[in-house]
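Report on the structure given below.
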Amino acid sequence: MSQFDQSITLPSGVQLKNRLMLSPMTTQLSFFNGVITEDEITYYKQRSKGLGAVITGAANVQDIGKGWPGELSIAHDEMIPRLSELAKAIQGEGAKAIIQIFHGGRMTSRATLSGEQPVSASAVAAKRPDAETPRAMSEEEIVETIQAFGKATRRAIESGFDGIELHGANTYLIQQFFSPHSNRRTDHWGGSVEKRMNFGLAVVQAAHRAIAKYAGDHFMLGYRISPEEIEEPGIRLADTLQFIDELADQPLDYLHVSMGNVWRKSLNDDSEKRPTILRIKKQVHNRLPIIGVGSVETTADAEKVMDEGIDFVALGRESLREPQWVEKVARGHEDAIRYQVDSDALDELGLNPALMDFLGQIGTDLRFIGADREKRSGDSVVFDR
Ligand SMILES: Cc1cc2nc3c(=O)[nH]c(=O)nc-3n(C[C@H](O)[C@H](O)[C@H](O)COP(=O)(O)O)c2cc1C
C-alpha cells in the first residue's frame with residue numbers, strides 16, 4: 001500500500017479516502033457566461049476516478065472577476081442547477097468535489113469583461129506584456145467582493161459540492177491584496193504586511209460564515225497561496241510565512257501551496273537551500289494539512305512528497321496527459337502510464353484547442369514535457385508567482 005493510499009479526516013470532519021487530488025485547472029470549456037458545458041463535465045468525470053478529491057478550475061464569484069474566456073462561474077444563483085451536475089459527476093466517480101472560487105482582479109482585460117475596466121486593490125498594472133491598468137476598488141466594492149465570496153460559498157453548498165478552495169494564489173485578486181506590488185493602499189486594506197492580510201482573512205471569514213449557516217459542518221474550506229513574487233516590490237517568503245501563521249489559526253481544512261515544482265527553492269534568495277514547501281511545513285507546525293503540487297508525474301514523485309510529511313499531492317498536467325493515473329497505479333499497471341500525449345489523442349483526453357493554445361502560451365507542451373524531465377523542471381515559472 002502506498003503512503004498516498006491512506007485515508008485522512010480533515011479538521012471539518014470530511015474524510016478523504018486517499019492523499020491524491022486533481023489540481024485546479026481551468027478547462028476553458030465553459031459557455032461565454034460561465035455556465036458549465038457537457039464537454040467540461042465529461043473532462044472532470046474522466047479524471048475523477050480513484051482520487052481523494054477533485055478541485056475544479058477557478059470559478060469567478062462576480063462577473064467583474066472573470067479572468068479569461070471559457071472560465072467557469074459561480075456568480076449567480078441561476079448557475080446552481082448546472083453546477084450540481086458537475087458536483088454529481090465528480091462524486092459519482094467516488095471523489096470528493098471541491099470548487100475553486102476566485103476573482104481575477106487586474107489579471108484580465110476589458111475585452112474579457114465586455115468593455116469594463118478591470119479592478120484591483122490599486123491602480124497598478126501587472127508587470128506583464130499588454131497588462132491593462134486596473135481601477136482601484138472603493139471601500140464599498142471591497143466589502144461587496146468579500147460578500148460575493150460568501151455568496152459563492154453558499155452556491156457551492158447548494159450545488160452539493162463537498163468543499164470550496166479560495167484561490168489566493170497565481171496573482172489573482174486575493175493575492176493582489178497581499179502583494180505590495182498591486183496593493184498600494186493606505187487604509188484598512190493596505191500599508192503594512194498585517195493590513196495586506198486583511199482582505200484574504202476577511203474572505204476566509206465570509207466563507208466560513210456561509211459554511212456555518214448553510215452547511216453546518218462536514219464541508220471543506222481550503223486556501224491556495226503562491227509563496228513569492230519576483231516583482232519589486234513583491235511578496236517575499238518572510239511575508240508569506242507571517243501570513244501562513246495567521247492562516248493556520250483560521251477554520252481551514254488545508255493550505256495548498258501553488259508552485260510549478262513542488263521542490264522549488266526561493267525565487268528571490270539564492271542563499272536559501274531548503275525547498276520552500278518544507279519551510280512552509282515548519283511554519284504551519286501541524287496546525288493544518290498541506291497540499292504539495294508541481295511537476296509530480298510518477299508514483300516515485302508522489303511518494304517523495306509523502307516521505308517529507310506533506311499531507312496531500314495534487315496532480316496537474318500529468319492528469320491532462322493521463323486521466324487514468326490512479327487507476328493504473330491501483331491495478332499495478334504503472335508501466336502503462338502516459339507521460340506524453342500524441343496529437344491524435346487530444347479528443348479522447350478531452351483537451352480542446354483553446355486549452356492547448358493556453359498551454360502553449362505558458363510554455364507547456366504536453367507532447368514533450370513529460371518526456372524531457374530536465375527541460376521540464378524550469379518550465380513553469382508561470383505557476384510560481
Ligand atoms: C491548463 C492549466 C490550467 C490551470 N488552471 C488553474 C486554475 O484554474 N487555478 C489554479 O489555482 N491553478 C491552475 N493551474 C495550475 C495547476 O493547478 C498547478 O498548480 C500547476 O500546473 C503545477 O502543477 P503540475 O506540474 O502538476 O501541472 C493550471 C494549470 C494548467 C496547466
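Remember, it's 1-based here, ligands and their atoms both numbered in the order they're listed. The residues of the chain are indexed from 1 along the displayed sequence.
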(message) Which of the numbered atoms in ligand 1 are under 4.0 angstrom from any heavy atom belonging to H167?
(response) 9 (N), 10 (C), 11 (O)
(message) Can a side-chain donor-acceptor contact be found between H181 and E229 if the only test is distance below 3.5 angstrom?
(response) no
(message) Given the ring of Y43, does R47 sit roughly above its face, with NZ or CZ under 6.0 Å from the centre of the six-membered ring and within 45° of the axis?
(response) yes
(message) Do the side chains of R128 and E132 get close enough for a salt bridge, i.e. N-O under 4.0 angstrom?
(response) no
(request) Pull out every atom of ligand 1 sitting under 4.0 Å from any heavy atom of L359, numbered as shown with elements. (result) 1 (C), 31 (C)
(request) Give yes or no for whether the N/O distance cutoff of 3.5 Å, strictly under, is met between E165 and ligand 1. (result) no
(message) Walk me through whether I98 and M220 qualify under side chain to side chain contact (heavy atoms under 4.5 Å, CB included).
(response) CA-CA 8 Å; I98 299 173; M220 290 175 274; 3.8 Å; yes
(message) More than 12 heavy atoms of other residues, nucleotides or ligands under 6.0 Å from NZ of K265: yes or no?
(response) no
(request) Apply the salt bridge (charged side-chain N to carboxylate O under 4.0 Å, His left out) test between R279 and each candidate in E228, E308, E272; give the one that qualifies. (result) E272
(request) Please could you name the atoms of ligand 1 that L355 approaches to less than 4.0 Å, counting only its heavy atoms? (result) 1 (C)
(request) Using a 4.0 Å heavy-atom cut-off, say whether T26 meets ligand 1 through its side chain, its backbone, both or neither. (result) both
(request) Return yes or no for this condition: an N or O of A58 is under 3.5 Å from an N or O of ligand 1. (result) yes
(request) Would you tell me which option among G67, G260, G316 has the nearest heavy-atom contact to atom 26 (O) of ligand 1? (result) G316
(request) Decide whether the shortest distance between a heavy atom of Q100 and an atom of ligand 1 is less than 4.0 Å. (result) yes
(request) Assess M259 for proximity to ligand 1: is some non-hydrogen atom of it under 4.0 Å away? (result) yes
(message) Within ligand 1, which atoms have a heavy atom of S23 less than 4.0 Å away?
(response) 16 (C), 17 (O), 18 (C), 19 (O)
(message) Under 4.0 Å between a side-chain nitrogen and a carboxylate oxygen: does that hold for R82 and E38?
(response) yes
(message) So, using side chain to side chain donor-acceptor pair (under 3.5 Å) as the criterion, who are the partners of D77 when residues are at least two apart?
(response) R154, R155
(message) Please report the interatomic distance CZ(F4) to CZ(F312), rounded to the nearest 0.5 Å.
(response) 14.0 Å
(message) Quick test of your reading of the model: are R274 and D269 salt-bridged, counting only N-O distances below 4.0 Å?
(response) no
(request) Pull out every atom of ligand 1 sitting under 4.0 Å from any heavy atom of G57, numbered as shown with elements. (result) 8 (O)
(message) Is A169 close enough to touch ligand 1? Criterion: a residue heavy atom under 4.0 Å from a ligand atom.
(response) no
(request) Give yes if a backbone or side-chain nitrogen or oxygen of W68 is under 3.5 Å from a nitrogen or oxygen of ligand 1, and no if not. (result) no
(message) If the cut-off is 4.0 Å to any non-hydrogen atom of F358, which atoms of ligand 1 fall inside it?
(response) 1 (C), 2 (C), 3 (C)
(message) Show the atoms of ligand 1 that are less than 4.0 angstrom away from any heavy atom in P24.
(response) 4 (C), 5 (N), 6 (C), 7 (C), 9 (N), 10 (C), 11 (O), 12 (N), 13 (C), 14 (N), 15 (C), 16 (C), 17 (O), 28 (C)
